[in-house]
Amino acid sequence: MEFIIQKTLEAVQTLYNQTLTSSDITLQETRKEFEGDVTVVVFPFTRFSKKSPDVTAQEIGEFLKQNVTEIADFNVIKGFLNIVIDDSYWINRYKTNASTSNFGFAPSNGKKVMVEYSSPNTNKPLHLGHVRNNLLGYSVAQIIGAAGYEVIKTNLVNDRGIHICKSMLAWQKFGNGETPESSGLKGDHLVGKYYVIFDKEYKKQIDELKAQGLAEDEAKKQAPLIIESQQMLQKWEEGDTAVIELWKMMNSWVYAGFNVTYNNLGVNFDKYYYESNTYLLGKDIIEEGLAKGVFFRKPDSSVWIDLTADGLDEKLVLRSDGTSVYITQDLGTAELKHDDFQMDKSVYVVGNEQDYHFKVLFLILDKLGKSWAKGLYHLSYGMVDLPSGKMKSREGTVVDADDLLDEMIDTARQHTEDLGKVDDFTEEEKIELFRKIGLGALKYHLLKVDPKKRLMFDPNESIDFQGHTGPFIQYTYARIKSVIRKSEQADFAGIVPETINKDERELIQQLDKFPTIIADAAENYNPASVANYLYELAKGYNKFYHDNPILKNEDEELKKFRLALSSLTADVLNRGTSLLGIEVPERM
RNA sequence: GCACCCAUAGCUCAGCUGGAUAGAGCAACGGUUUUCUAAACCGUCGGUCUCAGGUUCGAAUCCUGAUGGGUGUACCA
């Protein structure tokens, strides 16, 4: 609608001798109950037009109608200038969009973005919180790619540390050599099982010590199991062969398990980083910071940065014994990533409980004068709440990712079989369909909500398949495909109509927004805007479909046009849902 | 204590840089199929946008304060 803004500027210039810029003009979609396509808000102009809003709107409307061929008419209601754009304009838009390959996706802009997501710990299986993270990360990467960037998806695996040693120790003590093969358990679940066992045994020891009269925190520190796992961590750091072997073996089980989950979830990565390789990084940055006077050393020789001037606290960046803390290695890893890829932007998909950490991390890198620090972005998403409250691994109130996927697919199966539309499907086709629908429902449910907000998830109340859902969009796609299949011959490519009706125009307008939606979603790292757009589009199509016969048309040209319009809609639904990691079925 | 985030219909959520009578879905109730897939379409019901001030021609949106909820504030990650 750029041309309307330009002409409005011209109108204001000629009529009121006032020079404005594009940002002074507010355009909005005309509300459904009024006639028109776009509305110019003229209230701000009354200051220098020295006339009432109604008169001002009237004058500008006249000017636009006289000077812009695409503007067919206008009306003024309560000071709002509603502009009616000629159908020929929309027919033209449609013509352009329909003939653009990959309509909506931007050509390469030569810039590179890294998206880090998933980043699991290797001591337990993935749960619902990870699912949100993975779906968000994958989707954001897809969207950024569609907006013209080259995208590198990375996974920074937390494969070392005390939590891993706990699982290892428990397995050593209580595992009797159990393996994924011998137990039939998925590797990550097997390791997670021992993490839970550790916790249980550890608590027993704490209770015993308390019974002997120790205080709670003393007991926690003195329990043999915790001491042993700390020793194990130390041995790991020294490179003790037996410990390293055990660590490698158990991690390999976990990776095999994660890969299954990632596959089922439909996510993937271009580059893995492992903390076992990066945890020592960052120490030269500490030196650099000390030299530059950004950091300072305390008498006990620990290193700090003073961020009080920025409204934050003093923050430790290196322990007094010279070892790294979390932020030390994150500083190092940030630099490593940049050295590896020289990307223009880098997105961290991490929960909002780490807001403070990333604020500090980015601020430090900026203070160190890293030019690329400005391109760092923390995509901070809200936690997932269950009806019972928040998820806690230790209390067993987590929703396991693998179980969840199975349940979704099973629910999809029941639901679909009840409808009885797939009786002629082969067994393989059915499995494929149930998977698409089950995952579509789950993914849409999680992605339609603004990432920044907390998300309420009720596992018992199985996710809907009707209304504002993934399957609704999938169904719309399948419906279109069905019509196209039935049209048999029809070569509708390149068909452009002479005239269009109201439903057709609305659909064309909806489709026309697709590129803007993608650009906007990429800029804001927000899959929810794509999700909500696709729902509106599907809804609009269903209305069109309901009220406008496609194949049952005497008029051959009209039939072809509607087929073509349907086909473009299907294409947008297909590629749009792919940005959410959702697949669409040809039949359902 | 201090910092940050959130609050919209019974429930789950939209609401773009301030703009018209605040929108969807679910739930509830009613209607639509001899016609291209009824996982659809149409209608009814449902709101003091947590509260109180302020800025403005105009505030769900911006500012201040209060209340309620969440998170962080480790020589943990």
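Note on naming: letters A, B, ... go to the chains in the order of the sequence lines (proteins, then strands), and numbering restarts at 1 for each one. Just so it is clear, the model here is predicted, and its values are computed rather than measured.
Using a 4.0 Å heavy-atom distance criterion, Phe43(A) is classed as a base contact. Within the 4.0 angstrom heavy-atom criterion, no nucleotide atom of any strand lies near Lys452(A). Among the protein residues, Ser23(A) comes within range of no part of the nucleic acid, since none of its heavy atoms lies under 4.0 Å from any strand. Residue-level contact check: Asp458(A) touches neither bases nor backbone, having no heavy atom under 4.0 Å from any strand. The residue Asp330(A) sits apart from the nucleic acid: no heavy atom pair falls under 4.0 Å. Within 4.0 Å (heavy atoms only), Val41(A) reaches at least one base atom of the nucleic acid. Using a 4.0 Å heavy-atom criterion, one finds that Lys421(A) contacts the bases of the nucleic acid, with or without backbone contacts as well. In this structure, Pro53(A) reaches neither bases nor backbone, as no heavy-atom distance under 4.0 Å exists between it and the strands shown. Using a 4.0 Å heavy-atom cutoff across all strands shown, Ala528(A) reaches no nucleic acid atom at all. As judged by a 4.0 angstrom heavy-atom cut-off over every strand, Tyr545(A) is placed among the base-contacting residues. Within 4.0 Å of Ile437(A), counting heavy atoms only, lies at least one base atom of the nucleic acid. Across all strands, Arg47(A) comes closer than 4.0 Å to no nucleic acid atom at all (heavy-atom distances). In this structure, Glu33(A) reaches neither bases nor backbone, as no heavy-atom distance under 4.0 Å exists between it and the strands shown. Note on Asn548(A): a base of the nucleic acid sits closer than 4.0 angstrom, heavy atoms only.
A60(B) and A52(B) are spaced 13 Å apart, taking the P atom of each and rounding to whole Å. Taking the C1' atom of each, C62(B) and G69(B) are spaced 23 Å apart, rounded to whole Å. The P atoms of G10(B) and G46(B) are separated by 11 Å, rounded to the nearest whole Å. The separation of U17(B) from G31(B), taken at their C1' atoms, amounts to 43 Å, rounded to a whole angstrom. Distance noted for atom P between G70(B) and U32(B): 49 Å (whole Å). Here, C5(B) and C41(B) have their P atoms 38 Å apart, quoted to the whole Å. For G53(B) and C11(B), the P atoms lie 26 Å apart once the distance is rounded to whole Å. Here the separation of G23(B) from U37(B), taken at their C1' atoms, is 29 Å to the nearest Å.
The base of U35(B) has none of its N or O atoms less than 3.5 Å from a complementary donor or acceptor on the side chain of Lys552(A). Within 3.5 Å, no donor on the side chain of Thr476(A) pairs with an acceptor on the base of A39(B), nor the reverse. For Ser320(A) against C75(B), a side-chain N or O and a base N or O form a donor-acceptor pair under 3.5 Å.
Taking only side-chain nitrogens and oxygens, Arg31(A) never comes nearer than 4.0 Å to OP1 or OP2 of A22(B). Using a 4.0 Å cut-off, no side-chain N or O of Lys298(A) falls inside it from OP1 or OP2 of C75(B). Between Lys315(A) and the phosphate of A74(B), there is no side-chain N or O to OP1/OP2 separation shorter than 4.0 Å. Contact check, Arg485(A) against U37(B): no side-chain N or O comes under 4.0 Å of OP1 or OP2. Taking 4.0 angstrom as the limit, Arg587(A) places none of its side-chain polar atoms (N or O) nearer than this to OP1 or OP2 of A39(B).
Rounding to the nearest 0.5 Å places CD of Gln414(A) at 10.0 Å from CZ of Phe434(A).
Checking A24(B), U37(B), A20(B) against the side-chain heavy atoms of Asn82(A) singles out A20(B) as nearest.
You can call Phe34(A) stacked on the base of A20(B); the centres are under 5.5 Å apart and the planes sit within 30°.
Nucleotide C62(B) has G54(B) as its partner under the Watson-Crick or G-U criteria, with both atom distances under 3.5 Å. Across all strands shown, G43(B) pairs with C29(B); the Watson-Crick or G-U wobble distances both stay below 3.5 Å. Pairing of U73(B), defined by two Watson-Crick or G-U wobble distances under 3.5 Å, is identified with G1(B).
In this entry the distance linking CD of Glu554(A) with P of U35(B) reads 18 Å, nearest Å. For the pair Leu233(A) CG and A77(B) C1', the interatomic distance rounds to 12 Å; values are reported in whole Å.
Using modelled atom types, one side-chain atom of Tyr444(A) and one backbone atom of Ala531(A) make a donor-acceptor pair closer than 3.5 Å.
Salt-bridge formation is detected for the pair Lys543(A)/Asp547(A): a Lys NZ or Arg NE/NH1/NH2 atom is positioned less than 4.0 Å from an Asp or Glu carboxylate oxygen.
Here Tyr274(A) and Trp247(A) keep their ring centres 6.0 angstrom or further from each other. Ring centroid separation for the pair Phe362(A) and Tyr348(A) comes in under the 6.0 Å cut-off. Ring pair Tyr195(A)/Phe198(A): centre-to-centre distance not below 6.0 Å.
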